[in-house]
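What follows is a short report on a single structure.
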Amino acid sequence: MTQFNQRNISMMMDLYEMTMANGYFAGQNEMKRVAFDVFYRKNPDNGGFAIFAGLEQIIEYVENLHFDTDDIEYFRSLNLFSEAFLDYLSNFRFKGDIYAFQEGTIMYPNEPIITVIAPLIDAQLVETAILTQINHQSLIATKTRRIVSAAGGRTVSDFGARRAHNVDAAVYGARAAYIGGASSTSNVMAGKQFGIPVSGTMAHSWVMFYKDEYEAFRHYAENYPDATVLLVDTYDVIHSGIPNAIRVAKEVLEPMGKRLKGVRLDSGDLAYLSKKAREMLDDAGLQDCKIFVSNSLDEYTINSILNQGGCIDSFGVGERLITAKSDSVFGAVYKLAAVEEDGIFVPRIKMSETVEKITNPGLKKVYRVYCKEGNAVADLITRADEIVDMDKPYRYVDPEKPWKNRYFTNCTVKELQQLVVKDGKRVYQARSLDEIRKFVEQQLETEIWQEEQRFENPHKHYLNMSPYYYELKMSLLHEAQNA
Ligand SMILES: Nc1ncnc2c1ncn2[C@@H]1O[C@H](COP(=O)(O)OP(=O)(O)OP(=O)(O)O)[C@@H](O)[C@H]1O
Ligand SMILES: O=P(O)(O)OC[C@H]1O[C@H](OP(=O)(O)OP(=O)(O)O)[C@H](O)[C@@H]1O
Ligand SMILES: O=C(O)c1cccnc1
């Protein structure tokens, strides 16, 4: 049995990782340790937060990272690399350490969500594969959360497989959608691979295959009397689809002692049609028959349809979820933060004309700061060797208003990164997808301000700095300016 995740993706990198690695090897720098941070700059859709997803695939990838004979042959054919380097690559395994947020953590721009501390070549080679996983799954998890939150407690099923940007996007997208709060997926490959609940109704082809709609519905109900959800919009929802569904409920299911589970609407004005359908079903004594809707939905259309009084129990969401259509680039980056010199990690900073693009240098720690009611009031970056003592008022710097004298009082902190890979091996107990999904839910319900969760102008989560860390960043900025 071939599992979806058992492909070797070690070659998933950009050529420049390899040319740099070959150059580092030639300069005998390959064993020098460095630290790279992964962070992103902007929440999708101008939202107030994002969801960290894809960690499990990164751990699988680095543990398996190696180059087969045919990979080496291919590299040789490019005429770019020395034989000594190719020989080194043939025995290569990732030897570094990785620190990361727990999968499912609510995260914010500019904080290091993953830090790779590894020999230079190891750290450089993993850049692209790490970013691909994080950018994709975090994007889809975050988008799904927005859709789920617009659905206001009604279930959302991922219907995206057919519109995804190919197979990986469909399967890992389904995983991310489940983390983000989708209740199920229609994608059975993702169901099998990750244990995600699968669900589905029927296609228009089923209804069109039979000579009339009633016959199509009847055959379906006879085959699936416990799970009959009928697609009622092939011909005319009000005059044909719903009346035929009611007939099947009465003539086929009720004699079997069964109830009609649901109807699905997939076109037209979904608010109007769902209200009409609800009335007709209720009048026929089918109050328990659920109304499913689909058709190019997203958080905005769902919001609007519900505001119009749409009577809907469940949403099937495909293309706009699986492609994160409204804002389809997550934009996480991988930046060098420090280089080890004589046993000490010396910070590096990347300058930019745009303030947001100036990196946060050095080895550091990130904390989430909680007030006594349990809400996450801010995140805090410190140097790695600092101790954060919240037993007394803790002075911090808001980098956007550094002149203000600010303190956290009566707060607690949780360190956000933990060691997940040590010397190339997993040291982190994999969490089940259900645990990750519940973790997302729990943070949003109990820790993250509602003000950060609204769609319009959400509150911006503070990313503060310890005075000691702020001082380090400023001194590096001054040095870089005078260089
Ligand atoms: N009441 C509503 N308010 C806001 N948006 C809606 C409402 N009803 C449907 N929509 C959305 O409007 C869009 C309508 O899509 P489209 O133009 O394809 O119409 P259609 O009725 O589905 O036509 P077709 O039969 O060709 O599929 C979809 O994105 C759908 O989710
Ligand atoms: O619109 P989305 O959010 O992507 O949701 C998935 C769509 O896929 C199906 O349509 P399709 O026309 O592919 O097949 P069908 O004949 O089963 O309707 C389904 O009916 C939805 O409209
Ligand atoms: O099960 C469904 O209704 C379904 C699945 C995929 C795409 N559209 C609809």
Side-chain angles (χ1 to χ4, degrees), residues 140 143-144 146-148 150-152 154-167 169-171 173-174 177-178 180 182-191 196-210 213 216-217 220-221 223-224 226-241 245 260-279 289-326 328 455:
I140 304 303
K143 176 68 175 177
T144 305
R146 293 172 62 81
I147 294 169
V148 166
R154 296 160 190 83
T155 51
V156 171
S157 183
D158 154 41
F159 279 2
R162 65 191 55 201
R163 316 271 192 249
H165 296 148
N166 220 320
V167 178
V171 177
Y178 191 61
S183 305
S184 59
T185 180
S186 61
N187 182 339
V188 293
M189 194 169 198
I196 304 169
V198 290
S199 70
T201 69
M202 63 168 64
H204 290 105
S205 55
W206 177 277
V207 184
M208 291 153 72
F209 173 76
Y210 294 94
E213 193 179 48
F217 287 179
Y220 199 87
N223 275 288
Y224 303 103
D226 290 311
T228 306
V229 181
L230 301 168
L231 178 59
V232 291
D233 72 340
T234 309
Y235 305 114
D236 184 324
V237 174
I238 309 293
H239 298 105
S240 162
L260 177 61
K261 184 172 173 206
V263 294
R264 176 162 73 97
L265 302 168
D266 187 50
S267 57
D269 186 319
L270 297 172
Y272 171 78
L273 289 174
S274 66
K275 284 189 271 190
K276 267 323 259 185
R278 183 75 275 156
E279 251 175 62
C289 174
K290 306 267 185 253
I291 299 183
F292 296 67
V293 301
S294 51
N295 188 17
S296 305
L297 293 168
D298 62 12
E299 66 272 41
Y300 305 105
T301 45
I302 289 176
N303 232 338
S304 164
I305 290 168
L306 291 177
N307 280 336
Q308 297 162 53
C311 294
I312 293 156
D313 300 288
S314 185
F315 295 94
V317 187
E319 60 194 29
R320 296 191 190 180
L321 177 156
I322 210 71
T323 63
K325 183 166 187 253
S326 50
S328 61
F455 290 171

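As the structure lists them, so they are numbered: ligands from 1, and atoms in each ligand from 1.
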Please check if any side-chain donor atom of K143 sits under 3.5 Å from a side-chain acceptor atom of S326, or the reverse.
yes

Does L260 reach the side chain of L230, with side-chain heavy atoms less than 4.5 Å apart?
yes

Should we count NZ of K276 as having more than 12 external heavy atoms under 6.0 Å?
no

Among protein heavy atoms, which sits nearest to atom 3 (N) of ligand 1, and what does the distance come to when rounded to 0.1 Å?
Q308 NE2, 2.9 Å

Side chains of R163 and T323 only: does a donor on one sit below 3.5 Å from an acceptor on the other?
no

I'd like to know if R320 contacts ligand 2, where contact means a heavy-atom distance under 4.0 Å to any ligand atom.
no

I'd like to check I140 versus L321 (side-chain heavy atoms, cut-off strictly below 4.5 Å). Are they in contact?
yes

Please state which option from T301, D233, D266 has its nearest heavy atom closest to atom 20 (O) of ligand 2.
D266

Atom 3 (O) of ligand 3 has as its nearest protein heavy atom T201 OG1, 2.5 Å

If we only count N/O pairs under 3.5 Å, is L270 in contact with ligand 1?
yes

Return the closest protein heavy atom for atom 28 (C) of ligand 1 as residue, atom name and distance.
N295 O, 3.4 Å

Nearest-neighbour protein heavy atom for atom 10 (N) of ligand 1, which is reported as residue plus atom name and distance:
I305 CD1, 4.2 Å

Side-chain donor-acceptor contact under 3.5 Å, S184 with S157:
yes

Applying a heavy-atom cut-off of 4.0 Å, say which part of E319 lies close to ligand 2: side chain, backbone, both or neither.
both

Which is it for S304 and ligand 1 at heavy atoms under 4.0 Å: side chain, backbone, both or neither?
side chain

Distance-only donor-acceptor check, side chains N307 and S304, under 3.5 Å
no

Compute the minimum heavy-atom distance from R264 to ligand 2 and say whether it is under 4.0 Å.
yes

Enumerate the atoms of ligand 2 whose separation from the nearest heavy atom of G318 is less than 4.0 angstrom.
2 (P), 3 (O), 4 (O), 5 (O)

Close approach, R320 and ligand 1, non-hydrogen under 4.0 angstrom
yes

For a 4.5 angstrom cut-off between non-hydrogen side-chain atoms, does D158 reach I196?
no

Taking the non-hydrogen atoms of S205, is any one of them nearer than 4.0 angstrom to ligand 2?
no

How far is atom 11 (C) of ligand 1 from its nearest protein heavy atom, and which residue and atom is that?
T301 CG2, 4.2 Å

For atom 8 (N) of ligand 3, what is the closest protein heavy atom, and at what distance to 0.1 Å?
F159 CD2, 3.5 Å

Flag this pair as yes if the NZ/CZ of R154 is under 6.0 angstrom from the six-membered ring centre of F315 and inside a 45 degree cone about the axis; otherwise no.
no

